[in-house]
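Working notes, beginning with the structure itself.
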There are 2 protein chains.
Amino acid sequence: MEETAATTAGASTGGAQSALEIVRTRSLSSLVAQEIERLILSGALAAGERLNEQQLATRLGVSRGPVREAVRGLERSGLVVAVRNQGSYVRQVSADEALEIYDLRAALTGLACARLAETATPQQVAALRALVKRMDEARKADEPPAYYAANLEFHAALLAFGSGPRARRLYEELGNELHLFRRRALVQPENMRESNAEHAAILRAIAAGDATAARAAGETHIAGGKRRFQATDTSTPHPGKSGQAAQKGDNGHDGQDDRPPRPARGRLGARRGAARAR
Amino acid sequence: MEETAATTAGASTGGAQSALEIVRTRSLSSLVAQEIERLILSGALAAGERLNEQQLATRLGVSRGPVREAVRGLERSGLVVAVRNQGSYVRQVSADEALEIYDLRAALTGLACARLAETATPQQVAALRALVKRMDEARKADEPPAYYAANLEFHAALLAFGSGPRARRLYEELGNELHLFRRRALVQPENMRESNAEHAAILRAIAAGDATAARAAGETHIAGGKRRFQATDTSTPHPGKSGQAAQKGDNGHDGQDDRPPRPARGRLGARRGAARAR
DNA sequence: CGACTGTCATCTGTCAACAGTTTGCGCCCG
DNA sequence: CGGGCGCAAACTGTTGACAGATGACAGTCG
């Protein structure tokens with residue numbers, strides 16, 4: 001999180017008094033979009049929650065224009081959904097959508113691994129090996145946050161080494177969408193062990209230069225993550241009636257990408273209550 | 001060309017009776033975004049061209065606000081790039097980015113084919129077979145547009161049958177980005193024959209229920225498209241110096257996704273000349 | 001004659017205000 | 001006492017206007 005802010009500031013000026021300097025370089029809309037995205041991904045704005053433009057504007061100290069532009073960008077990016085004259089809501093990802101995203105990530109990871117098996121430099125292999133080692137140590141020390149961070153780094157490195165910038169960005173976006181599914185810490189000891197064993201398998205195949213094996217290992221790893229995800233989740237085993245799965249099942253229309261925008265308004269009469277600001 | 005002007009005029013002034021009704025349901029921003037996207041993809045707005053907000057606003061008969069929101073969405077979507085206080089430009093896709101997009105599409109298509117091989121219904125297989133037949137007839141009749149349309153339909157059906165809505169949307173977005181690379185009609189007789197033979201191979205594997213073969217066939221097909229694309233293109237064989245490849249090679253910074261925003265402004269002093277409107 | 005600097009027009013970024021619509025609440029009627 | 005109706009408030013959609021910045025052009029000096 002703070003690394004994001006740091007890199008942004010570092011890219012522009014590198015200083016601390018950056019607030020005014022950043023505004024001179026990046027548009028306010030992009031800043032607002034970045035902030036809202038951070039709020040969403042950090043969980044401060046829960047999935048299904050409604051976005052009040054004016055409230056966000058006053059909260060960020062800007063007018064409604066930049067907020068609107070930012071929300072529109074996030075809508076296009078798939079993080080929020082908007083309906084006319086009603087507002088924007090943080091997108092809710094259904095269970096089967098999450099599973100589909102896992103499949104896409106698997107394909108992307110497999111692609112990167114296969115390519116990396118043919119083009120990896122010794123430095124890259126060493127970097128990956130170091131990350132696997134870090135994860136192993138974090139697992140032994142029972143430090144899930146450290147493991148989680150190293151895990152993210154490992155996958156990012158995989159994509160960075162084995163694929164182009166487009167694939168990297170796509171992978172990141174898919175990861176963000178996955179974050180929308182549900183707030184949950186799914187790191188458990190046995191999961192960490194199993195997951196890191198798969199990491200090691202990926203690394204072995206890459207080091208051996210076996211493209212097909214590397215690809216299979218990468219896909220298996222993401223599939224394993226999907227399986228662990230399914231095991232942790234409660235809604236998937238009962239596809240008809242429970243949790244968010246019902247969202248997708250209830251609407252009868254064909255599988256268009258537009259989303260029923262009134263999913264999570266069930267009980268919350270917070271529209272008026274939250275408007276106390278100003 | 002003329003189709004562009006016609007549809008543009010129809011969208012702005014009131015081609016159908018529903019123009020006012022549509023505005024009641026869809027936001028103006030989304031309409032503008034759709035229109036600008038169409039302009040870009042149809043080639044009316046060339047790659048690298050600058051987008052004048054006021055000009056677009058008057059042309060579409062709206063204010064600058066919706067135009068700005070639309071452009072921001074398109075920026076997030078990857079079709080345009082924006083720089084502060086300078087404007088937005090239609091994104092230019094470099095040659096290696098196009099190749100990378102081909103790889104991503106191959107992975108997506110392979111995924112859909114593999115899944116479809118296991119879940120295809122007889123109706124779906126029949127629909128795909130009909131499309132292959134249509135393409136074959138279009139090829140024999142030497143009608144590239146018909147072939148092109150059926151080809152698009154075939155791939156869309158593949159994704160629609162074999163993958164979820166997220167993958168379908170992603171595939172479409174990647175296709176749009178690919179359209180940005182260069183305006184060109186790359187359909188040639190031998191290409192059509194080869195391409196459709198690969199379609200038939202995909203269909204055979206799906207009908208046989210062989211997931212791995214279907215996946216391989218799907219990936220091979222997209223790889224073939226990539227190869228044909230490379231053969232048609234002139235810049236790829238000389239990766240150091242020619243055409244758009246130089247864009248990516250020249251800028252020395254690391255492979256970030258942000259784009260040098262001043263590529264195509266080389267000669268055009270049209271900034272003043274084009275401002276005659278109003 | 002060339003390079004530099006000052007000026008100006010255009011465009012983008014941002015803001016405040018207006019109009020339309022949806023929604024929640026209270027009231028009246030059956 | 002329950003249901004339907006009308007009113008009002010809030011919010012979104014859209015517009016117009018203002019300030020800052022960028023780039024180009026012209027004039028001037030070495």
Side-chain angles (χ1 to χ4, degrees), chain A residues 12 20-33 49-75 80-89 261-262 264-278, chain B residues 12 19-33 49-75 80-89 261-278:
Chain A
S12 65
L20 211 143
E21 280 303 317
I22 286 182
V23 176
R24 296 176 76 91
T25 358
R26 316 282 290 188
S27 169
L28 254 195
S29 311
S30 64
L31 270 292
V32 172
E49 190 170 343
R50 178 200 164 98
L51 299 180
N52 191 321
E53 294 180 356
Q54 193 131 341
Q55 187 176 333
L56 278 172
T58 56
R59 178 176 181 173
L60 300 177
V62 297
S63 179
R64 273 180 53 213
V67 173
R68 279 185 65 85
E69 296 178 15
V71 169
R72 207 60 67 161
L74 264 57
E75 178 190 9
V80 306
V81 289
V83 273
R84 184 184 166 92
N85 287 328
Q86 193 178 351
S88 305
Y89 301 84
R262 48 192 65 216
R265 298 184 52 249
R267 177 57 42 86
L268 57 94
R271 187 168 176 182
R272 183 144 190 168
R276 64 105 194 137
R278 181 63 176 280
Chain B
S12 68
L20 211 142
E21 280 304 315
I22 288 181
V23 175
R24 295 177 75 93
T25 28
R26 315 282 289 188
S27 169
L28 255 194
S29 310
S30 64
L31 271 290
V32 172
E49 190 171 343
R50 177 200 165 102
L51 299 180
N52 191 320
E53 294 180 357
Q54 193 133 342
Q55 189 176 331
L56 278 172
T58 56
R59 178 175 182 174
L60 299 178
V62 297
S63 181
R64 272 181 54 215
V67 173
R68 280 184 65 85
E69 296 179 13
V71 169
R72 207 60 67 163
L74 264 57
E75 177 191 9
V80 307
V81 288
V83 274
R84 184 183 165 96
N85 287 328
Q86 192 177 354
S88 305
Y89 301 84
R262 49 192 67 215
R265 296 184 54 249
R267 177 57 41 88
L268 56 94
R271 188 169 176 182
R272 183 148 191 164
R276 64 106 195 136
R278 182 64 173 282

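Naming convention: chains lettered A, B, ... in sequence-line order (proteins, then strands); numbering from 1 in each chain.
Among the heavy atoms of the strands lying under 4.0 Å from B:G87 are primed sugar atoms or P, OP1, OP2 only; no base atom is included.
Rounded to an integer number of Å, the gap from CG of B:L28 to P of C:dT21 is 13 Å. If you take CD of A:E69 and P of C:dT14, they are 7 Å apart, rounded to a whole angstrom. Computed from coordinates, the A:Q54 CD to C:dC18 C1' distance equals 14 Å when rounded to whole Å. The nearest whole Å value for the distance from the OH atom in A:Y89 to the P atom in C:dT22 is 13 Å. A straight line from CZ of A:R68 to P of C:dG13 spans 17 Å, rounded to a whole angstrom. Regarding A:L31, its CG atom lies at a distance of 13 Å from the P atom of C:dG13, rounded to whole Å. B:R84 places its CZ atom 12 Å from the P atom of D:dG20, with the value rounded to the nearest Å.
Side-chain N/O atoms of A:S63 include none lying less than 4.0 angstrom from OP1 or OP2 on C:dG13. At C:dT12, one or more side-chain N or O atoms of B:N52 fall inside 4.0 Å of OP1 or OP2 (strictly under the cut-off). Contact check, B:R50 against C:dT12: a side-chain N or O comes under 4.0 Å of OP1 or OP2. When the side-chain nitrogen and oxygen atoms of A:S29 are compared with OP1 and OP2 of C:dT14, one or more of them lie within a distance under 4.0 Å. Contact annotation: B:N85 side-chain N/O to D:dG20 OP1/OP2 distance is not under 4.0 Å.
Atom CD of B:E53 and atom OG1 of B:T58 lie 11.5 Å apart (nearest 0.5 Å). Distance check, rounded to the nearest 0.5 Å: CG of A:L56 to CZ of A:R68 gives 12.5 Å.
Scanning atom types as modelled, one donor and one acceptor separated by under 3.5 angstrom connect the side chain of A:R64 and the base of D:dG13.
You'll find the side chain of B:R72 reaches within 4.5 Å of the side chain of A:S27, heavy atoms only.
When all heavy atoms are compared, the tightest approach of B:S88 to B:V71 is OG-CG1, 3.3 Å.
Candidate nucleotides D:dG13, D:dT15, C:dG13 were compared by shortest atom distance to the side chain of B:E53, and C:dG13 ranks first.
Scored by the salt bridge (charged side-chain N to carboxylate O under 4.0 Å, His left out) test, A:R59 finds no partners at all (sequence neighbours excluded).
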